[in-house]
Structure formats: C-alpha cells, structure tokens
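One structure below.
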Amino acid sequence: MAEVGHSARRPGDDRDEIPQYEVKEQNSKVLHVEAVGRLWRARLSARDISLQEDQELDVVAVAGELGCTLDTAAELKLVCSMDALKCFEDDNVVDPDIIPQDTELVTLGIRKKILEDREENLIIDRTSRQETFAYELESHALGKKPQNQSDLVEAGELVLTLNIFYPVIFQKHKEHKPYQTLLVLGSQRLTELRDHIMCVSDLQIEGEFSTTPDLAPDHISKDLYKSAFFYLEDTFYNDMRYPECRDLSRTITEWSESHDRGYGKFKKAKMEDYTLNDLHIKIGFPYLYCHQGDCEHIVMVTDIRLIHRDDCLDKTLYPLLVKKHWLWTRKCYVCKTYIARWVTNNDSFASDDPSLFCDVCFKMLHYDAQGNKLGHFLAYPYVDPGIFI
C-alpha cells in the first residue's frame, strides 16, 4: 500500500493550478489548494490582502487614482463623504417603521400588507423564522476579532467553503440537501474539520435501558468508535490520533487489490498530518467522509478564496458553521409537546412499534411509583436529529 508523504507535491508550474472546469457548473480539474493561494498573493497588492481597516485617501491620492485635478478631487471627497449620506433634513426626520399609505414603492406595499396580515391572523411564519435564524448564524461572527492577538488570522490566509451532506441512510435528503456549511482555514488540519462535522450517529447511546432508565450512560458512540476517514482524490486520510483508532479503509483497499478491478492502487495517509492547504482537490466534486464504521457523508468544496477584513478574524472560531438545514423535531406520542427522548420496541403499552416518548411520559406510562418496570418493552435512548444537526 502506497503511503503519502506529508510534503508531497505534484510537479508543474503554479499556473497549472488555476481552476479549469471539466464539466460546466459542476466541478473543476484537480488543483493544489496552497498553489491557488500563492497565485492570488503574487498578483494582489499588500493593500488588497491586508486585514487592516481601509484608511481614507487624501485629496492628492484621490486625484492620482482618478487622474483629475486637486479641485475636482476635493469636491468629490466632500460630496461623496459619509456625512453627505442623508435621506432627510434634520428637521424632517421620518420614522422608518411607519409605512406611508400612498407609497409608490411596490416592496413597501408588499411589506405593509404582510405586517397587517400578521397582526390580524397571529400566524407564526416558520419559514421566515428559519431564515432569520440562518441569517443570525451566518452573521454572528462577521468581522469578529480575537481578544488575544495571537489568535488573529494571518493576512493572505485561504478560506474554503465546504458543504456536508446528510448520511446516505437519510433517503429524503441524501442526494441534494447539505445539512452543514462550514468555513475552514487552509492552515487547519483535516482532524479539525472532522471534529466539527456534526452527525446524529456520533451522539447515539449504546444499550437497552428498560430496566435501568435512570442509569446515566458513560459514553456516546463518538467516544467509543473514534475511527474515520476522508477519501479525497485516490487517497484515504485516516484518523489515527488515538490508540483505539482503526483503518476503516482497509476493507476497500483489500477488495480493490484482490483482483485487477481497474481502480489502481489507493494511497493512505494520516488525517492529522495534513492541512487543507496540502490537498489536491476539485472544486464542486463530491468526496467522502466515513465514520462510525459505515455512516457515509458527501463532502464538497464549493469555494476557495482569501480571507477578507470583513470575515471572522478569530481563528479559534474556525471551522465556522455558517448554515445548517432545518429539520422538524419528533414529538412525544403521548403529550405531543416535548421532544422525544426514548424509543421503545415490542411495547405492550403502545399501539405503534417503534414508539417515541418524552422522559416524563415514558416513566409515567412504563414504571410504577417505586420505579419498577411494568409490562413488556425494550427501551433505547433517542437522539433527535432536529436538535443536534
């Protein structure tokens, strides 16, 4: 089995790493991430890359930039200044929350109608609420700077946008619904990305607890089964940070090598030894992340760019979650109010198999006052995907 060296580089000029798309609107050809950053940094000025706030140009600089006289530059500076951006005179301030009756703007008319309907019907606009949540999630770290200067992102750092798709077992959304969008720094290791990918299978609790519902489990699945890998461009990057980690890709590589199946030889590398800058990838191409033995996710890099001064500049917050898909939570079958925490099978007290219960209804229905089990059933802790994903 071929091993990949940490500093492995493909021969060729950096200009070969400029994204060229194999299929229009789908994916690019293979490129080296760090080479893309070098190309941009070589062509942009220090001012373009700098993360410092823009300094206001003086009149001489404006005249030089525009090729005009000093008098014209001075007039432009006065007219285009922030102080000149006023909608009303100081003595004629209008409340922006009040929409006039005779407005000619179509958008204001639509907003006025929506606000009036909302007051009359008292309907909860769930779509609007989810859009508001998504906006807050994306903007909460916008422009945030660290308190400790050592945590400041370096100028010229690459930022990769990754979509994480639902596991293959999610039949409804597996083909087209990313449930997480992450911003990852090029200097971050693959293990940091792996640790920030949330999946409900990592949070499952092993065991059947019908006789001991109050017994707190010691571990979740992520604590017990720590092995995982990324498959990127014919290389398996295995997480081998812990002694209990296993090579999950071994079955695939042995199957491929047992006969001449036309795939060639797969390469292996340690996930913790590689940053995203070290990778050779395609933009827009579906790659694989596998954990918990057989829980498989599609991972897709949709964008590579340089860090900007308006981005979150605190590197301790990366990988940064900027978007997640909204799922309905599963409610208790009895009270229809609280989110389910238990799932039962072969339940003599339930008409459905399996059945979902909140903690209160589950114990009231299945145990007596002394906590003794009533009837026959199997009980397992339930983790709702709508909470954690």
Side-chain angles (χ1 to χ4, degrees), residues 13-15 17-21 25 28 31 33-112 131-132 134-136 138-147 149 151-161 183 185-186 283 302-315 317-318 320 322:
D13 195 293
D14 279 351
R15 289 174 294 181
E17 308 296 347
I18 296 175
Q20 297 179 1
Y21 285 83
E25 298 179 353
S28 70
L31 55 90
V33 176
E34 176 56 28
V36 174
R38 281 199 302 269
L39 286 169
W40 279 329
R41 289 188 289 268
R43 284 159 176 76
L44 296 174
S45 66
R47 179 184 170 192
D48 293 329
I49 299 176
S50 174
L51 300 179
Q52 302 299 321
E53 296 293 336
D54 275 337
Q55 300 296 324
E56 186 177 356
L57 296 176
D58 57 19
V59 175
V60 177
V62 172
E65 289 279 347
L66 301 179
C68 60
T69 64
L70 293 176
D71 292 339
T72 303
E75 183 179 357
L76 286 172
K77 185 176 180 180
L78 178 63
V79 173
C80 299
S81 67
M82 297 293 292
D83 296 334
L85 296 176
K86 295 181 179 180
C87 297
F88 307 99
E89 298 296 334
D90 293 339
D91 57 349
N92 189 27
V93 178
V94 177
D95 188 352
D97 294 330
I98 299 177
I99 301 176
Q101 294 289 341
D102 57 347
T103 179
E104 296 181 357
L105 294 176
V106 176
T107 52
L108 282 182
I110 295 174
R111 176 169 175 77
K112 180 177 177 61
E131 290 176 352
T132 301
Y135 172 77
E136 291 177 352
E138 185 173 1
S139 63
H140 82 280
L142 199 65
K144 189 171 184 178
K145 295 182 180 179
Q147 296 180 351
Q149 287 300 307
D151 295 330
L152 184 68
V153 177
E154 295 183 3
E157 176 72 272
L158 286 176
V159 179
L160 290 82
T161 304
L183 297 182
L185 300 179
I283 300 175
T302 60
D303 185 44
I304 301 177
R305 62 178 176 85
L306 292 179
I307 194 82
H308 189 269
R309 62 178 63 91
D310 292 332
D311 288 318
C312 175
L313 301 182
D314 188 348
K315 63 183 180 183
L317 297 180
Y318 288 91
L320 181 62
V322 295

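All residue numbers refer to positions in the sequence shown, counting from 1. Below, all heavy atoms of this structure are taken into account, side chains as well, without hydrogens, waters or symmetry copies.
- A search for side-chain contact (heavy atoms from CB on, under 4.5 Å) contacts involving L78 returns nothing, not counting sequence neighbours.
- Not counting sequence neighbours, the partners of D151 by the side-chain contact (heavy atoms from CB on, under 4.5 Å) test are P146, N148, D314, K315, T316.
- Not a single salt bridge (charged side-chain N to carboxylate O under 4.0 Å, His left out) links E157 to another residue, sequence neighbours left out.
- Heavy-atom minimum distance, L317 versus A141: CD1-CB, 4.4 Å.
- L185 has its side chain out of reach of E154: every pair of non-hydrogen atoms, C-beta onward, lies at least 4.5 Å apart.
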Practice prompt. Kindly indicate, with the supporting measurements, whether the criterion side-chain contact (heavy atoms from CB on, under 4.5 Å) is fulfilled by R43 and D48.
Written response: CA-CA 10 Å; R43 284 159 176 76; D48 293 329; over 6 Å; no
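- Listed by chain and residue number, E34 satisfy the salt bridge (charged side-chain N to carboxylate O under 4.0 Å, His left out) test with R41 (two or more places apart in sequence, or in another chain).
- Summarising the local packing, CZ of R111 is surrounded by 12 or fewer heavy atoms from other residues, nucleotides or ligands at distances under 6.0 Å.
- For D303 against I283, the heavy-atom pair with the smallest separation is N-CG2, 4.3 Å.
- Counting only heavy atoms from C-beta outward, the side chains of V153 and V159 never approach each other to under 4.5 Å.
- Applying the side-chain contact (heavy atoms from CB on, under 4.5 Å) criterion to A155, with sequence neighbours excluded, gives I49, L51.
- Annotation: side chain of I304 is in contact with side chain of W40 (closest heavy-atom distance under 4.5 Å).
- Annotation: side chain of V60 is in contact with side chain of L70 (closest heavy-atom distance under 4.5 Å).
- In this structure T72 satisfies the side-chain contact (heavy atoms from CB on, under 4.5 Å) test together with C68, T69, L76, sequence neighbours excluded.
- Of all the heavy atoms in I307 and Y318, the pair that sits closest is CD1-OH, 3.7 Å.
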